[in-house]
Amino acid sequence: MPGQLAVVLGTRPEIVKLAPVIRALSSPPLMIHTGQHYDAEMAGVFFRAFGLEEPAHRLEIGGMSRGQQIGAAVSKLDEMLAELQPAAVIAQGDTNSTMATAVAANARSIPMVHVEAGLRSHDRNMPEEHNRVVADHLSDLCLAPTETALANLTAERIPEERIVVTGNTVVDAVLHLLPDRGARRSFLEHHGVEPSRFVLSTFHRPENVDDPERLQTIVDELGGLELEVLLPVHPRTREVAAANDIDLQSGGVRLLNPVDYVEFLALLSECALVVGDSGGLQEEVSVLKKPMVVVRNSTERPEVLGTFCSLVDVGPEISGSAGRWLAGEPHTAAELIDIPSPYGEGDAGQRSVEAIERFLETIY
Ligand code: UD1
């Protein structure tokens, strides 16, 4: 009889995307939080939103440089996995925590399951690209959200028997926590905005916010948009702005502290447009049928380009593309409603658990 499963997670999006898997498991897993995100508003409130217990096991790797973070996480996970001896370890995505988990599980010969495997931006400047490649190649089971992700993995000669296509668990998370219309309107009232009369924006990618000049350009572009902009500020962006005397509040931009997932979904489902550099948001807009200006050099989510998302570089194309979307180009809000999400129907958590159970039967 295999022992308990372990789930390792460290950042806000990992909680969102692993919650549907954790909830679909037949018994509660051992939960290990690496502490990469440590502010309560980036961690604790997200566990509570999904009705999950706070993890019993914690490592403290927040606030370190990337190398230190990965090193500390591998070393601490090595000890913890040796002690807990889980039947398999489950981790998600492309963060430093994810990559460290794959290395640590591999070093202890504990089977590794990677949720949201196979994404590729082919952009070697992104730490996430390195993280996801390492995690995929060290994983014994790769749960790919789409056929595109499957093709990326097989192109790198990862054997097909190690891969299962499941859809993306973000769809389950959105459908599970999207508040009803009345609750959504209360959130809008709280922020003093009208449905479809505001833009929702988030920025945190190193490529955008670690360079003060680029960050300033983004702020100026957001400030010039025709609608009011709600900008929940990520800790990384806050730190860089403070260190470089950049005022994030420009024109019609309204700054918010990071909001919990339910409130975020309320704002997302009622906004006119999203402008930002988040990976997960590119998926969430396809579920809630919103347009998004993706401000990045590359994306690992090509499935939504040309439909829900347009990819632009930092500069005048931000307001250019935003203006076109607000004028109904290339798609109106009504047209987006009829486009299905390429990330599935909301059963990815269940399909992931079924794939994990089949996998465990082959090894135990
Ligand atoms: C990380 C992930 C990124 C993911 C993002 C989601 C990597 C390489 N990057 O980026 O893929 O999209 O999480 O948010 O793993 N900080 C706080 N409080 C917190 C968390 C962070 O103040 O709760 C500060 C840290 O001290 C650090 C900065 O914010 O200075 C960045 O945090 P870090 O976890 O290194 O990376 P993210 O930018 O959040």
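Just so you know, ligand 1 is whichever comes first in the structure, and atom 1 is the first atom listed for that ligand.
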Under-4.0 Å salt bridge between Asp313 and Arg214: yes
Side chain to side chain contact (heavy atoms under 4.5 Å, CB included) involving Thr307 - partner list, sequence neighbours excluded: Val304, Ile339
Looking at Glu156 and Arg132, does any basic side-chain N land under 4.0 Å from a carboxylate oxygen? no
Are more than 12 heavy atoms, taken from residues, nucleotides or ligands other than Arg197, located less than 6.0 Å from that residue's CZ atom? no
Check: His33 ring centroid to Phe47 ring centroid under 6.0 Å: yes
Would you tabulate the polar-atom pairs, meaning N/O of ligand 1 against N/O of the protein, with distances under 3.5 Å, reported to 0.1 Å?
from: ligand 1; atom 1: 9 (N); to: Glu128; atom 2: OE2; distance (Å): 3.4
from: ligand 1; atom 1: 11 (O); to: Glu128; atom 2: OE2; distance (Å): 2.7
from: ligand 1; atom 1: 12 (O); to: His204; atom 2: NE2; distance (Å): 2.9
from: ligand 1; atom 1: 13 (O); to: His37; atom 2: NE2; distance (Å): 3.3
from: ligand 1; atom 1: 14 (O); to: His234; atom 2: NE2; distance (Å): 2.9
from: ligand 1; atom 1: 15 (O); to: Gln36; atom 2: NE2; distance (Å): 2.9
from: ligand 1; atom 1: 15 (O); to: Asn96; atom 2: N; distance (Å): 2.8
from: ligand 1; atom 1: 18 (N); to: Asp39; atom 2: OD1; distance (Å): 3.4
from: ligand 1; atom 1: 18 (N); to: Asp39; atom 2: OD2; distance (Å): 3.1
from: ligand 1; atom 1: 22 (O); to: Tyr38; atom 2: OH; distance (Å): 3.0
from: ligand 1; atom 1: 23 (O); to: Tyr38; atom 2: N; distance (Å): 2.9
from: ligand 1; atom 1: 23 (O); to: Asp39; atom 2: N; distance (Å): 2.8
from: ligand 1; atom 1: 26 (O); to: Tyr38; atom 2: OH; distance (Å): 2.8
from: ligand 1; atom 1: 30 (O); to: Glu239; atom 2: OE1; distance (Å): 2.9
from: ligand 1; atom 1: 30 (O); to: Glu239; atom 2: OE2; distance (Å): 3.4
from: ligand 1; atom 1: 34 (O); to: Gln36; atom 2: NE2; distance (Å): 3.2
from: ligand 1; atom 1: 36 (O); to: Arg236; atom 2: NH1; distance (Å): 3.4
from: ligand 1; atom 1: 38 (O); to: Arg236; atom 2: NH1; distance (Å): 3.0
from: ligand 1; atom 1: 39 (O); to: His37; atom 2: NE2; distance (Å): 2.7
from: ligand 1; atom 1: 39 (O); to: His234; atom 2: NE2; distance (Å): 3.1

Flag the pair Glu270 and Arg185 as a salt bridge only when some basic side-chain nitrogen lies within less than 4.0 angstrom of an acidic carboxylate oxygen. yes
